Enquirer: 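Quick one: structure below, then a few questions.
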Amino acid sequence: MIRIPIRLGDRSYSVSVGLGLVDSLPSLLDAFKGRPIVVVSNLRVWSLHGESVGKALGLLGRYTRLLIRDGEVHKSPATVERLHTGFLDAGLTRDGLVVAFGGGVVGDVAGFAAATYMRGVALVHLPTTLLAMVDSSIGGKVGVNHPKAKNLIGAFHQPRAVLVDPSFLTTLPPRELQGGLYEVLKCAVIGDRRLFRSLAHLPTPLNPPADLVGLIEAACRLKAHVVETDERELGFRRVLNLGHTVGHALEAVTLFRRFTHGEAVGWGLLAAISIARDRKLLKENDFASIATAVERIGPRPGLFGVDPERVLEAVQRDKKKRDGRVSFVLPTAVGRVVTRSDVSKEEVRGALRSLASWVSRPLPGGRGAGPSGRGAGSRPRRRRSTGARR
Ligand SMILES: NC(=O)c1ccc[n+]([C@@H]2O[C@H](COP(=O)([O-])OP(=O)(O)OC[C@H]3O[C@@H](n4cnc5c(N)ncnc54)[C@H](O)[C@@H]3O)[C@@H](O)[C@H]2O)c1
Ligand SMILES: [Zn+2]
């Protein structure tokens, strides 16, 4: 097991990563022994992995299990209210603990319920998706969706610990795994050349969790560093938005049905490197190696029927705008990015045009299809929501 510290003064904690870490839960959570504990999960995750977690928590005393419904639509104020009622019925007091056991949806909603119950109770994340392990459980952002905008209602509530056991990934559907890999690649492009090289050598087919432990550790380190530097996203933390400006726009114009979040980020990464190359910020060979890395994770549903002008409009509505300007994170090399808020509509149009031509231009050596065929536009996704994702 490795421990990655996140130094935030009196809100410091660490991310522990290890195969089979669940067995060490009793010692890792020893401080909460005998105190009220509530574990929040969903039926799917609990039925797959609840037994080992329940057994471990049982060694700390009596705990209460609250299951929420699966899916992004349940990341809502209504679920928070239900959780608060459950906390109250369970006798959760201010010295108690909420354990969020699931993907990013469970983490965000249980985290927000913990942040707001009695003005904040302790929270521990036990993530079960790759995305939650490397991204959503670290950094203290918690929240729920408003019917008119995603992640509109939220708070910063740092957890007491993030406990990552990659063994949970053995049951994760391949498409969810792939979605998380795009976020790992994003981390590599932002600031970790070594991680980038490891991604280039990922075996096919992938054998989770063994093949993923090193990648997870590296991606967690990157996120930890960014969060330590800028806890409240006043500036630097925005680098994590790489690939998300166009990615969010693509999700919105396809009504959150065509792409997983990670797949949209994959396209968004390609858009970012196109803009960076056209501005001569990124050399051709770095462009090619990042593009190849995106394609290796693929295939992604294609962009057919997506109107570039609507994507452009959605980009202009980006919720992370500052002073009325959309900012883009642009790679200048593998492992280095800059943020620019002067990217013109014409540049974005140019990038979208290059994405459209991508469909017929598979890259050499990639395991993704560069999909003129494979996966293009197939498998509609059932995610009903509005606005932008993180
Ligand atoms: N707080 C943040 O900083 C932050 C950052 C990024 C994303 N997010 C949020 O995270 C959410 C997306 O998270 P996600 O991608 O984990 O989706 P998710 O939580 O919806 O999980 C995806 C699916 O996988 C299932 N699942 C979870 N673990 C499993 C396992 N081990 N085996 C089999 N199935 C499993 C879930 O039940 C669900 O059906 C979004 O709401 C997004 O806004 C938050
Ligand atoms: Zn993301």
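No experiment lies behind these values; they were computed from the predicted model shown. Read the numbers this way: they start at 1 and go in the same order the structure lists the ligands and their atoms.
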Enquirer: Determine whether the side chain, the backbone, both or neither of Asn151 has a heavy atom under 4.0 Å from any heavy atom of ligand 1.
Expert: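 Side chain only.
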Enquirer: Kindly confirm or rule out an N or O of Ile138 lying under 3.5 angstrom from an N or O of ligand 1.
Expert: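 Looking only at distances, the answer is no, because the N/O contact criterion of under 3.5 Å is not met.
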Enquirer: Within 45° of the ring axis of Phe287 and under 6.0 Å from its six-membered ring centre, is that where the NZ or CZ of Arg277 lies?
Expert: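 Because its charged atom sits under 6.0 Å from the ring centre and within 45° of the axis, Arg277 does stack over Phe287.
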Enquirer: Compute whether any side-chain donor of one residue and acceptor of the other, for Gln158 and Tyr13, lie under 3.5 angstrom apart.
Expert: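 Note: Gln158 and Tyr13 side chains meet the donor-acceptor criterion.
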Enquirer: Is the CZ atom of Arg237 crowded by more than 12 outside heavy atoms at less than 6.0 Å?
Expert: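 Check passes, neighbour count above 12.
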Enquirer: What atom name does the N, O or S atom of Glu183 nearest to the Zn ion (ligand 2) carry?
Expert: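 When I compare the N, O and S atoms of Glu183, OE2 is nearest to the Zn ion (ligand 2).
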Enquirer: Which ligand 1 atoms, with their elements, are less than 4.0 angstrom from a heavy-atom of Leu48?
Expert: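 With Leu48 as reference, the close atoms of ligand 1 come out as 32 (N), 33 (C).
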Enquirer: Of all the atoms in ligand 1, which lie at a distance below 4.0 Å from a heavy atom belonging to Val45?
Expert: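 Atoms satisfying the 4.0 Å criterion: 26 (N), 27 (C), 28 (N).
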Enquirer: Where's the contact between Thr260 and ligand 1, heavy-atom distance under 4.0 Å: side chain, backbone, both or neither?
Expert: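 Looking at Thr260 and ligand 1, no heavy atom falls under 4.0 Å.
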Enquirer: Please classify the Leu131 to ligand 1 contact at 4.0 Å (heavy-atom distances, strictly less than): side chain, backbone, both or neither.
Expert: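 Leu131 to ligand 1: side-chain contact only, backbone stays beyond 4.0 Å.
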Enquirer: Using heavy-atom distances only, which candidate in Gly104, Ser167, Gly139 approaches atom 14 (P) of ligand 1 most closely?
Expert: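 The option holding the nearest heavy atom is Gly104.
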Enquirer: Can you list the ligand 1 atoms lying under 4.0 Å from a non-hydrogen atom of Asn42?
Expert: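 Close to Asn42: 37 (O).
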Enquirer: Heavy-atom contacts with Glu72 under 4.0 Å: which atoms of ligand 1 show up? List them by number with element.
Expert: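 Answer, ordered by atom number: 40 (C), 41 (O).
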Enquirer: Polar contacts were defined as any N/O atom of the residue lying under 3.5 Å from an N/O atom of the ligand; does this apply to Val105 and ligand 1?
Expert: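 Such a contact does occur with ligand 1.
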Enquirer: With respect to Glu309, which candidate in Arg349, Arg353, Lys345 satisfies the salt bridge (Lys or Arg N to Asp or Glu O under 4.0 Å) definition?
Expert: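 Looking at Arg349, Arg353, Lys345, the match for Glu309 under the salt bridge (Lys or Arg N to Asp or Glu O under 4.0 Å) is Arg349.
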Enquirer: If you check every N/O/S atom of His261, which is the one nearest the Zn ion (ligand 2)?
Expert: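 The nearest such atom is NE2.
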Enquirer: Would you tabulate the side-chain donor-acceptor contacts of residues 114-123 under 3.5 Å, counting partners in other chains and residues two or more places apart, or write 'none'?
Expert:
{"unit_1": "Thr116", "atom_1": "OG1", "unit_2": "His84", "atom_2": "NE2", "d": "3.2"}
{"unit_1": "Thr116", "atom_1": "OG1", "unit_2": "Phe112", "atom_2": "O", "d": "2.6"}
{"unit_1": "Thr116", "atom_1": "OG1", "unit_2": "Ala113", "atom_2": "O", "d": "3.3"}
{"unit_1": "Tyr117", "atom_1": "OH", "unit_2": "Leu92", "atom_2": "O", "d": "2.8"}

Enquirer: Between Thr128 and His49, do the side chains contain an N or O donor and an N or O acceptor separated by less than 3.5 Å?
Expert: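 There is no such pair (donor and acceptor under 3.5 Å, judged by atom type) between the side chains of Thr128 and His49.
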Enquirer: Could you identify the N, O or S atom of His244 positioned closest to the Zn ion (ligand 2)?
Expert: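 Result for His244 and the Zn ion (ligand 2): NE2.
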Enquirer: Which pairs of donor and acceptor atoms, one on a side chain in residues 57-71, lie under 3.5 Å apart (sequence neighbours left out)?
Expert:
{"unit_1": "Asp70", "atom_1": "OD1", "unit_2": "Asn42", "atom_2": "ND2", "d": "3.3"}

Enquirer: Which part of His261 is near ligand 1, with near meaning a heavy atom under 4.0 Å away: side chain, backbone, both or neither?
Expert: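 Neither; nothing of His261 gets under 4.0 Å from ligand 1.
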Enquirer: Report yes or no: do Ser274 and Ser354 form a side-chain donor-acceptor pair below 3.5 Å?
Expert: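 Yes, Ser354 and Ser274 have a side-chain donor paired with an acceptor closer than 3.5 Å.
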Enquirer: Just go through Lys141, Arg69, His49, Met133 and tell me whose heavy atom is the nearest to atom 3 (O) of ligand 1.
Expert: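 Ranked by closest heavy atom to atom 3 (O) of ligand 1, first place is Lys141.
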